[in-house]
Amino acid sequence: MERIKIDFDAPDHQSLARAASLLDRGQVIIFPTETLYGLVARLDRPEALKRICELKDRASKKAMPCLAADKETARRTFDPAPADFDMLADDLWPGPLTVIGRAKQQYIGPATGWGPTIGIRVPSADTLLSLVKMTNIPLAATSANPTQAPAPSSADEVAAYFTGQSDLTLFDAGELAPSKGSTVIDVSKEPPLLLRRGDFPKERIEKTLRRPLVEIEILPDENLQDLMQGPLRIIQKLKGFRYSIDPLLLAAFVEFSPRDRIIDLGSGSGVIPLILAGRGAEDVTGIEYQADLADMSQRSVTANGLAGRARIIHGDIRRIGERFEAGLFDIAVSNPPYFPVGTGHISPDEIRAASRHELRMNLKELIHAMKYLVRPGGKICLIHLATRQEELLSLMRDTQIGSCEVRRVAPRQMADANFTLVRGVAGASGETTVLPPLVVHQSRGEYTSEVKAMLNW
């Protein structure tokens, strides 16, 4: 690692020119910012951005804060600029405030965590601002430390982290003033979110926005992303279990009125409660056995301003009678594990294993729990494997759930169904009705128009 001394308050032009030249050549440099030392690269150099991910030893799905020379340069990274952009930029920049909005397509990549949003700020430090202006392109600048290690405020700390990295150049400004980093807000959707408390005070931002920020915590192994193409956000793990299309199809299959009390059994990452509350349901409860998933889901509820409509609780469905009275709900929903224990490979990942295999509860026990929870005439809605459809319908009949409607789900036209959607009525005895099948993909792999409508509500 090359180490170049620099006076952060009064840098010489030669040092700044050297830093800009390295960036222009697609290198990653370590440079002091007004908050912390940062790993810095040009936003239009994807290989350098990937190198930052390697140096941080973190998944590429984690976004990096970016720097712009001025308001208009920052505006050009967004598509479109957030509704609150002008008032935030005019009132609060330059300064340690990172604003997240929808990214232009050309910038979606390692700097955005391959997601649709980008976070950017105009720095207040003259030295850093001069460097951004010299490169004439926004810069990614994330703290110069491996993930999980403390963010460094001294050049010696940085050098210790990256010993042996010969492709790096450290611009050494000695010890920086103590800092919590930039404050990060997401105004890409409503409500505006405070994702990290940094050096910029929350109250000052709220005064500018003229409304409160919703504060949520995003853990180091998580990210905040769009829930498909709809208006909602969801927190997901960077690695391991992530939601699939199954709960999205089930949520679209649920018919409800706003005042119906709905419970989702085994809510996982909270997709179904989020969608139902987002579509207007006023009372949705999700119950999830894995405490960390329940906590993550509840934070997603908060992130969407839906805490008054939905809640995720940690609990064991097998002991549902200790938590809820019989017949308390109008609708019970579940996207349960599909495979009995003893069939297929059980993942070593605890969350993935519990989402796929009936480790905590089998299908018969689940149907009994759902029947217990709903009032007479209440609805039970599930998605399951098409190969277990007859078993599912038989269990529902045995539990006095009838007048079922079945919709088989095929991956493409002329293919065999792989899933089945089932909707039944507690206490009813009517015959089963088979609805037209749902086809997910067109021949070229795109979603069909019906599925697109389900996912883009």
Side-chain angles (χ1 to χ4, degrees), residues 1-58 60 62-70 73-74 76-77 94 96 98 106-107 109-112 118-147 149 151-176 181-182:
M1 177 191 296
E2 184 179 4
R3 196 161 171 169
I4 298 173
K5 289 285 187 179
I6 187 171
D7 185 336
F8 192 61
D9 295 319
D12 60 279
H13 179 78
Q14 185 177 357
S15 296
L16 283 177
R18 176 70 187 284
S21 174
L22 289 168
L23 292 169
D24 290 344
R25 283 155 43 194
Q27 297 293 305
V28 177
I29 66 171
I30 302 173
F31 203 85
T33 76
E34 75 268 54
T35 55
L36 303 161
Y37 276 92
L39 289 164
V40 180
R42 284 175 57 119
L43 202 52
D44 60 350
R45 297 290 190 270
E47 292 304 316
L49 300 174
K50 290 177 187 176
R51 178 62 175 142
I52 290 179
C53 292
E54 294 172 0
L55 292 164
K56 295 281 288 186
D57 188 27
R58 74 181 186 191
S60 62
K62 198 75 170 177
M64 308 173 195
C66 300
L67 306 170
D70 51 43
T73 303
R76 290 194 292 272
T77 66
T98 298
Q106 70 199 71
Y107 294 126
T112 68
I118 189 167
I120 199 158
R121 76 178 194 269
V122 176
S124 55
D126 290 340
T127 299
L128 186 58
L129 193 57
S130 297
L131 176 61
V132 182
K133 288 178 178 178
M134 290 176 76
T135 60
N136 200 31
I137 193 80
L139 303 178
T142 185
S143 59
N145 57 287
T147 299
S153 59
S154 77
D156 288 340
E157 288 178 272
V158 175
Y161 283 146
F162 299 112
T163 299
Q165 302 294 342
S166 59
D167 61 328
L168 293 180
T169 301
L170 166 60
F171 288 82
D172 180 355
E175 183 87 23
L176 302 181
S182 69

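Note that the structure is predicted; figures quoted are calculated from it, not measured.
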Review point. Can you check side chain to side chain contact (heavy atoms under 4.5 Å, CB included) on Gln165 and Arg51, steps first, answer last?
Key: CA-CA 11 Å; Gln165 302 294 342; Arg51 178 62 175 142; 2.6 Å; yes
Practice item. Evaluate the criterion salt bridge (charged side-chain N to carboxylate O under 4.0 Å, His left out) for residue pair Arg3 and Asp156; output intermediate values, then yes/no. Key: CA-CA 10 Å; Arg3 196 161 171 169; Asp156 288 340; 2.5 Å; yes
Check your understanding: Yes or no on side chain to side chain contact (heavy atoms under 4.5 Å, CB included) for Phe171 and Leu131, after CA distance, side-chain angles and deciding distance?
Key -> CA-CA 12 Å; Phe171 288 82; Leu131 176 61; over 6 Å; no
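With values rounded to the nearest 0.5 angstrom, Ile30 atom CD1 is found 11.5 Å from Tyr161 atom OH. Glu2 contributes atom CD, which lies 11.5 Å from atom CD1 of Ile29 (distance to the nearest 0.5 angstrom). For the atom pair CG (Asp172) and OG (Ser15), the distance works out to 11.0 Å, reported to the nearest 0.5 Å. The line from CD of Glu175 to CD of Glu157 is 6.5 Å long, rounded to the nearest 0.5 Å. With rounding to the nearest 0.5 Å, the separation of CG in Leu16 from CE in Met134 is 5.5 Å. Rounded to the nearest 0.5 Å, atoms OG (Ser143) and OH (Tyr37) are 14.0 Å apart.
Classification of Lys133 and Asp126 as a salt-bridged pair fails, no side-chain N sitting under 4.0 Å from a carboxylate O.
Ala74 and Ile120 get closest at one heavy-atom pair: CB-CG2, 4.0 Å. The two residues Ile137 and Tyr107 have their closest heavy-atom pair at CD1-OH, 4.2 Å. Here the shortest heavy-atom pairing between Ser124 and Glu34 reads N-OE2, 3.1 Å. Taking every heavy atom of both residues into account, Leu43 and Leu49 meet most closely at O-CD1, 3.7 Å. For the residue pair Ala41 and Leu23, the shortest heavy atom distance occurs at CA-CD2, 3.7 Å. Taking every heavy atom of both residues into account, Ala68 and Leu129 meet most closely at O-CD1, 4.1 Å.
Counting heavy atoms from C-beta on, the side chains of Cys53 and Met64 come closer than 4.5 Å. Residues Thr142 and Pro65 are in side-chain contact: their nearest non-hydrogen atoms beyond the backbone lie under 4.5 Å apart. Between Val28 and Leu168 the shortest side-chain heavy-atom distance falls below 4.5 Å. Counting only heavy atoms from C-beta outward, the side chains of Thr147 and Asp57 never approach each other to under 4.5 Å. Side chains of Arg121 and Thr33 form a contact here, defined as non-hydrogen atoms less than 4.5 Å apart. When side chains are defined from C-beta on, Cys66 counts as touching Ile118, because their heavy atoms get closer than 4.5 Å. Two residues are said to be in side-chain contact when any heavy atoms from C-beta on lie closer than 4.5 Å; Thr127 and Pro32 fail this criterion. Side-chain contact check for Leu39 versus Phe162: some heavy-atom pair is nearer than 4.5 Å.
Residue Asp167 qualifies as enclosed at atom CG: its count of foreign heavy atoms under 6.0 Å is above 12. Environment of CD in Gln14: sparse, with no more than 12 heavy atoms of neighbouring residues, nucleotides or ligands closer than 6.0 Å.
Each of Leu67, Thr169, Val40 was evaluated against Phe31; a single residue qualifies, Val40, per the side chain to side chain contact (heavy atoms under 4.5 Å, CB included) test. For the side-chain hydrogen bond (donor to acceptor under 3.5 Å, both in side chains) with Arg42, the qualifying choice from Thr135, Asn136, Asp24 is Asp24, the only one to do so.
Using a 3.5 Å distance cut-off with no hydrogens or angles, the side chains of Ser182 and Thr98 do pair a donor with an acceptor.
For the pair Lys56 (side chain) and Asn145 (backbone), a donor-acceptor distance under 3.5 Å is present.
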